Amino acid sequence: MNIFLIRHGESVQNTGENNLLKMADHQIYLTEKGKDQARRSAEALKEYISGHPFLIKNERVWYSPYMRTTQTMKEFNKIMDFEEHGVDIREDIRLVEQQFGLFDSVPEELYGQCYPNEFACWERFRSQRGKFYARTPMGESPFDVAIRVKDFFGTIRRDYEKHDIDTLLIFTHGTTLRTFVMQYLHKSVDWYEKEKNPGNCWIRLIRDNQDFGYIYKE
């Protein structure tokens, strides 16, 4: 199975604009630069696949229904013509970003000011090499994301066994992408703690249970 994991393009959260907009995480949208990043990334993936045609057989596109990932997928579609080539496109809620709860739309430097008690508890876990386990108040930890991502594996395995879907393009978010790699390749918690977030529109390839790393970086 070939799995291309694609992080969304630059969003108003990445630029800090959302500090003023205060949009809920699922509504955060791409900047114009983010849309351009998506188009360049799509062109790079199209070229990569043309040089490795054996990677593309029975494809399916999966995407997080959040605004920025949906927009990224649509920009890729303009370049790669998924629908024209008969590629099935589906969304799945298990691919969304980590839920930030009370911290949603709050600048990170203000967590402690806005929610001092909750922040102190969260920071205590993180400071003890517990970044993976630290759950944001009323939200999720990377551990929680890893559990729902692993549940998604059952869907893609059934698709492979019943419908021979063996090439996936998955549009998702930084934490979700890293926990996907962690769970799919049986990496450790220490691996996750050390793994850096991918850049916007980076593409990571997993092929036959082997990690090929990021085949495209901005």
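Model, not experiment: these values are computed from the prediction.
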_T69: which residues meet the side-chain hydrogen bond (donor to acceptor under 3.5 Å, both in side chains) condition with it, sequence neighbours left out?_
S64

_side-chain contact (heavy atoms from CB on, under 4.5 Å) partners for H85, two or more places apart_ = D81, V87

*Passing candidate, ring-ring contact (aromatic ring centres under 6.0 Å, His included) with W62, options F153, F152, F171, F82*: F152

*Report yes if the side chains of R148 and V96 come closer than 4.5 Å at any heavy-atom pair, otherwise no.*
yes

*In this structure, which one of R178, K187, K131, R204 forms a salt bridge (charged side-chain N to carboxylate O under 4.0 Å, His left out) with E195?*
R204

*Which distance, rounded to the nearest 0.5 Å, do you find between the OG of S105 and the CG of L110?*
12.5 Å

*Can you name the residues that form a ring-ring contact (aromatic ring centres under 6.0 Å, His included) with F100, not counting sequence neighbours?*
none

*What pairs meet the ring pair (Phe, Tyr, Trp, His ring centres under 6.0 Å) rule with one or both residues in residues 6-35, with sequence neighbours excluded?*
H8-H173

_Over 60° means perpendicular and under 30° means parallel, so tell me whether F103 and Y115 are parallel, tilted or perpendicular._
tilted

_Using side-chain heavy atoms (C-beta onward) and a distance below 4.5 Å, is R157 in contact with M1?_
no

*Would one find more than 12 heavy atoms of other residues, nucleotides or ligands at under 6.0 Å from atom CZ of R129?*
no

*Stepwise, does the side chain to side chain contact (heavy atoms under 4.5 Å, CB included) test hold for M67 with I28?*
CA-CA 6 Å; M67 179 72 74; I28 289 171; over 6 Å; no

*R90/D92 ion pair, N-O < 4.0 Å*: no

*State which residues pass side-chain contact (heavy atoms from CB on, under 4.5 Å) with S127; sequence neighbours excluded, sorted by chain then number.*
none

*Hey, are the side chains of H163 and N58 touching, using non-hydrogen atoms and a 4.5 Å cut-off?*
no

_Please report the interatomic distance CG(L95) to OH(Y63), rounded to the nearest 0.5 Å._
11.0 Å

_Is any side-chain heavy atom of T72 closer than 4.5 Å to one of R7?_
no

*asked:* Could you check, using the six-membered ring where one of them is a Trp, whether F180 and Y184 have ring centers closer than 6.0 angstrom?
replied: yes

*In chain order, what residues pass the side-chain contact (heavy atoms from CB on, under 4.5 Å) check against R124, with sequence neighbours excluded?*
C121, Q128

*Separation of L30 CG from R68 CZ (nearest 0.5 Å)*: 9.0 Å

*How would you list, by chain and number, every residue that makes a side-chain hydrogen bond (donor to acceptor under 3.5 Å, both in side chains) with E10, sequence neighbours excluded?*
T31

*Considering residues at least two apart in sequence or located in another chain, which fulfil the side-chain contact (heavy atoms from CB on, under 4.5 Å) criterion with N117?*
none

_Tell me every residue that passes ring-ring contact (aromatic ring centres under 6.0 Å, His included) with Y160, counting only those two or more places apart in sequence or in another chain._
none

*R94 side chain near V149 side chain, heavy-atom distance below 4.5 Å*: no

*asked:* I want to check something: taking the side chain as every heavy atom from C-beta on, are L45 and L169 in contact at a cut-off of under 4.5 Å?
replied: yes

*Is the closest side-chain heavy-atom distance between T70 and E91 below 4.5 Å?*
no

*Salt-bridged, K35 to E32, with N to O below 4.0 Å?*
yes

*Option passing side chain to side chain contact (heavy atoms under 4.5 Å, CB included) with K78 (candidates M80, K74, E75)*: E75

_For E161, salt bridge (charged side-chain N to carboxylate O under 4.0 Å, His left out) partners two or more places apart_ = none

*State which residues pass side-chain hydrogen bond (donor to acceptor under 3.5 Å, both in side chains) with D208; sequence neighbours excluded, sorted by chain then number.*
none

*Could you give all pairs that pass the ring pair (Phe, Tyr, Trp, His ring centres under 6.0 Å) test and reach residues 123-151, with sequence neighbours left out?*
F132-Y192

*Just checking, any donor-acceptor pair under 3.5 angstrom between side chains of E218 and N200?*
no

